[in-house]
Amino acid sequence: MFTLMSGLFKYLFRKDEFFILILGLDNAGKTTFLEQTKTQFNKNYKGMSLSKITTTVGLNIGKIDIGSVRLMFWDLGGQEELQSLWDKYYAESHGVIYVVDSTDEERLEDSWKAFDEMIESEALEGVPVIVLANKQDVQGCLNVDQIKSLFNQSAAKIGRRDCKMQGVSALTGDGVNESIDWIVQCVERNSPWRPPRLKDDSS
Ligand code: G3D
């Protein structure tokens with residue numbers, strides 16, 4: 001009886017754990033996006049003030065639970081010298097959130113190049129990617145179509161994986177919910193090829 005109950009208990013509290021990388025150039029808004037996500041999805045999360053976040057150096061980690069799915073985020077530094085570390089995380093990841101600063105026209109080409117290099121990595125083959133055109137709250141910023149036309153040059157490397165571009169404001173939260181919902185659907189759909197880690201959350 002104990003075994004049966006404990007099995008049931010484990011089943012009820014089981015989480016499918018997916019690892020999601022948050023990548024993009026420094027200052028794109030990666031950490032702000034992660035904090036906004038934790039604030040929206042974790043009921044009791046009292047994070048830092050979003051306007052006080054400074055650029056990612058090293059690694060920020062976050063976690064949210066949506067039903068039986070757990071997303072573990074790795075927000076990696078985007079400075080040029082840190083980009084060489086990104087690929088150390090590719091093999092373990094189930095999805096990528098790539099953040100673009102829509103107000104930084106000068107570095108848009110650099111951002112696309114970093115994206116293009118990332119997407120051709122074999123270790124990321126088939127892994128769903130969402131590109132966030134961030135800071136859409138800023139007047140005069142580049143719109144989604146403008147950014148898309150540049151990033152579309154990577155279409156052949158993107159191949160048949162799930163890939164989408166979404167306009168967001170990590171600061172105000174616009175588009176954040178939709179982005180997370182999309183990535184959850186995609187990593188679940190892709191799980192026969194990249195199975196989640198099974199986590200017993202009862203303890
Ligand atoms: P990073 O982690 O990619 O390096 P951060 O980027 O999250 O640290 O954000 C860099 C700067 O962009 C921060 O401003 C942050 O407030 C701002 N930012 C991030 N997302 C948005 C957004 O959606 N809209 C606007 N208007 N600003 C955003 P500071 O001034 O602290 O450098």
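Residue numbers run from 1 in the order of the sequence given. Counting starts at 1 for both ligands and their atoms, in listed order.
Backbone and side-chain nitrogen or oxygen atoms of Gln136 are examined, and none is located within less than 3.5 angstrom of a nitrogen or oxygen of ligand 1. Ligand 1 has no nitrogen or oxygen under 3.5 angstrom from a nitrogen or oxygen of Val168. Distances between N or O atoms of Asp75 and those of ligand 1 include no value under 3.5 Å. Note: no N/O pair closer than 3.5 Å links Val138 and ligand 1 by distance alone.
Remark: Asp16 engages Arg14 in a salt bridge, criterion side-chain N to carboxylate O under 4.0 Å. The pair Asp26-Arg107 meets the salt-bridge criterion, since a charged nitrogen lies less than 4.0 angstrom from a carboxylate oxygen.
Only the side chain of Asn134 comes within 4.0 Å of ligand 1, judged by heavy-atom distances. Heavy atoms of Asp137 found under 4.0 angstrom from ligand 1 belong exclusively to the side chain.
Contact annotation: Gly24 has no heavy atom less than 4.0 Å from any atom of ligand 1.
Judged as a side-chain hydrogen bond (donor to acceptor under 3.5 Å, both in side chains), and not counting sequence neighbours, Glu125 has no contacts. Take Ser93 and apply the side-chain hydrogen bond (donor to acceptor under 3.5 Å, both in side chains) test, not counting sequence neighbours, and it matches no residue.
Scanning all heavy atoms of the two residues, the minimum distance from Ile119 to Lys157 falls at CG2-CB, 3.5 Å. The two residues Asn27 and Lys135 make their nearest non-hydrogen contact at O-NZ, 2.9 Å.
The ligand atoms of ligand 1 that sit less than 4.0 angstrom from a heavy atom of Asp26 are 4 (O). Contact atoms of ligand 1 toward Lys30: 1 (P), 2 (O), 3 (O), 4 (O), 6 (O), 7 (O) (distance under 4.0 Å to a heavy atom of the residue). When each atom of ligand 1 is checked for a heavy atom of Thr31 under 4.0 Å away, the hits are 2 (O), 7 (O).
For the residue pair Ser121/Asp87, the side-chain donor-acceptor check at 3.5 Å is not satisfied.
The closest side-chain heavy-atom distance from Phe115 to Ile158 is below 4.5 Å.
The nearest non-hydrogen atom to atom 5 (P) of ligand 1, considering only Ile22, Thr32, Asp104, comes from Thr32.
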